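As the structure is a prediction and not an experimental result, all values here were calculated from the model.
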Amino acid sequence: MTKPVKIRHEGASRGIAIGRAHVISMVGQTFPRYWIADKEITQEITRFKHAIQKSKQQLAKTKEKLCRFHGNGEIQIIDTHQMLLQDEMLVTSAVKNIANSKINAEWAIDKASSRLKMAFLDTHNEYFKQRKHDIDYICQRIIKNLIGISEIAIHDIKEQNVILISTDLSPADIVNLPREKVKGFITAVGGNTSHSAIIARSLEIPAMVGVEHIMKQVNENDIVVLDGIKGEIIINPTKENITKHKKDQADFEKTKRVLLKDAHLPAETKDGAKIKLVANIELAEEIIPSLEHGAEGIGLFRTEYLYANRMDYPSEEEQFECYKTALEKMNGNPVTIRTLDLGGDKLFAGSEYADHLNPALGLRAIRFCLVEKEIFKTQLRAMLRASVYGNLRMLLPMISGVDELRAAKALIDSVNSDLKKEKIPVSPKIDLGIMIEIPSAVMSAEALAEEVDFFSIGTNDLIQYTLAVDRTNDHVAYLYNLLDPAVIAMLIKTVEAAKKGGIDVTVCGESAGDPLYILLFLGLGMDGLSMNPISIPRVKKMLREVTLAEAKELIRKILELKTASETEKLVKNEMQRHLKTKP
């Protein structure tokens, strides 16, 4: 009997799937490369255009299928791929490569895509690192159509319970998976912020991405357990393994139903302490699902999506309609819209700033906005105009100190004054907040609290800047830890400054939705937690099972410890009692 192989890896989409492996061999990096004669250029360009047209038709079918069952958030991912098929830097550049370099279409599109991906190559922002995968997906689709290779042949699968194993899957591949056959998937590349991972979570397909050696470890027809909850893969499990995971699977589905049923209960501890649970979103279309999952507002509306995957800036009117829709849908609940959190290098590859940037420490977020004032003012006009349609809260990212904050506030006041002169209505009361994600902001927190209405702690960047750790670098990622005493000291100082200034403080990093940290944030005195909407029912259930007294006692014990490992052990042991029914 084959010995079980266990792999530990973070789940990209929660859930448990058990089935037989179907290993998909993807088109590799090899494709024909050859020079063509002058007389063949027109014919080669025509062949390329036919492949583009076929790619458009394939994506149109995928989008039509998605439209029948899912929201605009998922549809917009397919829109992104359709836009790339019309992108000048990609398609027109490939045609020029054919004509000027006299090379075949496959080679031409590969060269064009490599150039376009350079815009995303040198960034530490995980979201934008993943955008180059979109370019890869569309390039692979075009090359497949040029060569004449069909899409993944799912119809060849005979089994009813299948776990797909592949080097990679595009969002379109995932949308077209027959759910009655495919119960989950594992890929060798990708990240949890990739479009493929987003689609998987939306469709609630258990998945793991970026499992580096999976193609070598799994054989066709191996039985595989994919546990996206505990972060575990078992290849050729024992009968006992299968029985246990089937029970876990049933418990997960049962708990999920209970959580949704109780999603609108108050986020209140057993001893009466309340904490606001709000949602992180990128699209206005995510608001209704957020409300359905029990969100009391939007704690972080990322506006970068409006600027991404395009070769121009969104107009004032386009942004206004987006923000207006979001505010109206929330029916008076707060909508916290973060101003543009990008660097010049991530908007246009040819930017004059591109050669001068260290992406993590350079011209990004509020710094970029204070240099590119017209871009910033366009966004501010749209936000202020939309403010009369709901409860708008404005959030400024990456504020490092009071001078920077006052410069941003001066621009806001200037835009507000312009709108009043134009007799355009603006809400008289708009709360202004800042992201606390830089150590200098923590050290200046008392002074900053006198200038704003609320703090939002971005734990992802705060950890990285405090510990000088790039969490995407495998060599140092082990140091990235919210429970490091230095990070906890930063959180305590921020909360104390907020309380002294009489303003609210919310956590809006990834950790806000992790049950492991609920007692920590509660005990520290956070007023709110902003997270992925799917996490809200689970976090709410956990809050209703603990007490503020327990949370404060945990903080007392943490402050006696000296190391991250000691703190982590304590927190995990303390939370273990409350995670027995973790969905």
Side-chain angles (χ1 to χ4, degrees), residues 23-37 40-63 77-121 129-156 164-177 185 187-190 194-196 199 209 215 309 311 349:
V23 182
I24 301 172
S25 298
M26 306 293 287
V27 176
Q29 296 302 310
T30 58
F31 53 82
R33 290 179 172 88
Y34 53 86
W35 283 273
I36 59 176
E40 297 173 313
I41 290 175
T42 301
Q43 180 182 341
E44 195 66 13
I45 291 174
T46 300
R47 188 169 78 92
F48 175 69
K49 288 182 176 178
H50 284 162
I52 292 289
Q53 187 58 35
K54 186 172 182 181
S55 299
K56 288 179 179 178
Q57 292 168 353
Q58 290 166 344
L59 288 177
K61 287 182 180 178
T62 298
K63 183 176 177 179
I77 291 173
I78 304 303
D79 285 341
T80 297
H81 291 191
Q82 290 179 316
M83 287 166 58
L84 283 169
L85 287 171
Q86 303 172 53
D87 186 86
E88 185 174 345
M89 281 186 69
L90 186 64
V91 178
T92 307
S93 178
V95 171
K96 287 180 180 178
N97 288 341
I98 295 170
N100 298 337
S101 302
K102 298 177 184 178
I103 58 178
N104 67 308
E106 292 90 340
W107 194 356
I109 188 63
D110 182 63
K111 286 170 70 72
S113 70
S114 295
R115 178 170 174 255
L116 183 56
K117 284 188 291 184
M118 289 299 293
F120 301 95
L121 186 64
K129 274 187 175 182
Q130 296 300 337
R131 297 297 69 79
K132 62 186 176 66
H133 286 300
D134 295 323
I135 301 167
D136 284 332
Y137 294 143
I138 210 64
C139 184
Q140 288 167 12
R141 180 177 291 278
I142 295 167
I143 290 175
K144 283 180 182 179
N145 287 326
L146 283 165
I147 298 173
I149 298 175
S150 62
E151 296 188 81
I152 296 172
I154 298 297
H155 60 270
D156 291 337
L164 283 187
I165 311 294
S166 179
T167 301
D168 199 7
L169 291 172
S170 74
D173 292 331
I174 297 165
V175 169
N176 288 309
L177 294 177
F185 69 83
T187 66
V189 301
S194 68
H195 276 161
S196 296
I199 288 284
V209 300
M215 296 295 285
N309 304 307
M311 299 309 295

Ignoring hydrogens and angles, state whether a donor on the side chain of N145 or Q58 is under 3.5 Å from an acceptor on the partner side chain.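 A pair is found: one side chain offers a donor N or O, the other an acceptor, under 3.5 Å apart.
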Please report the shortest heavy-atom distance between [X] and [Y], naming the atom on each side.
| X | Y | result |
| --- | --- | --- |
| A112 | S93 | CB-OG, 3.8 Å |
| N97 | A108 | ND2-O, 3.1 Å |
| I174 | L169 | CG1-CB, 4.1 Å |
| L146 | F48 | CD2-CA, 3.9 Å |
| W35 | S101 | CD1-O, 3.6 Å |

For residues F185 and V209, determine if any side-chain heavy atom of one lies less than 4.5 Å from a side-chain heavy atom of the other. yes
Any L90 side-chain heavy atom under 4.5 Å of I138 side chain: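 They are in contact (side-chain heavy atoms under 4.5 Å apart), so the answer is yes.
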Take I36 and Q43 through the side-chain contact (heavy atoms from CB on, under 4.5 Å) test and state the conclusion after the steps. CA-CA 10 Å; I36 59 176; Q43 180 182 341; over 6 Å; no
If you round to the nearest 0.5 Å, how far is [atom2] of [Y] from [atom1] of [X]?
| X | Y | atom1 | atom2 | value |
| --- | --- | --- | --- | --- |
| I109 | I135 | CD1 | CD1 | 10.0 Å |
| I143 | D136 | CD1 | CG | 9.5 Å |
| I41 | I98 | CD1 | CD1 | 9.0 Å |
| Q140 | K144 | CD | NZ | 6.5 Å |
| R141 | K54 | CZ | NZ | 10.5 Å |

Side-chain donor or acceptor of D110 paired with backbone N/O of E106 under 3.5 Å: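 Judged by distance alone, no pair lies under 3.5 Å.
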Okay, side chain of E44, backbone of N104: is any donor-acceptor separation there less than 3.5 Å? no
Just do the side-chain contact (heavy atoms from CB on, under 4.5 Å) check on V23 and M215 with the steps written out, would you? CA-CA 8 Å; V23 182; M215 296 295 285; 3.8 Å; yes
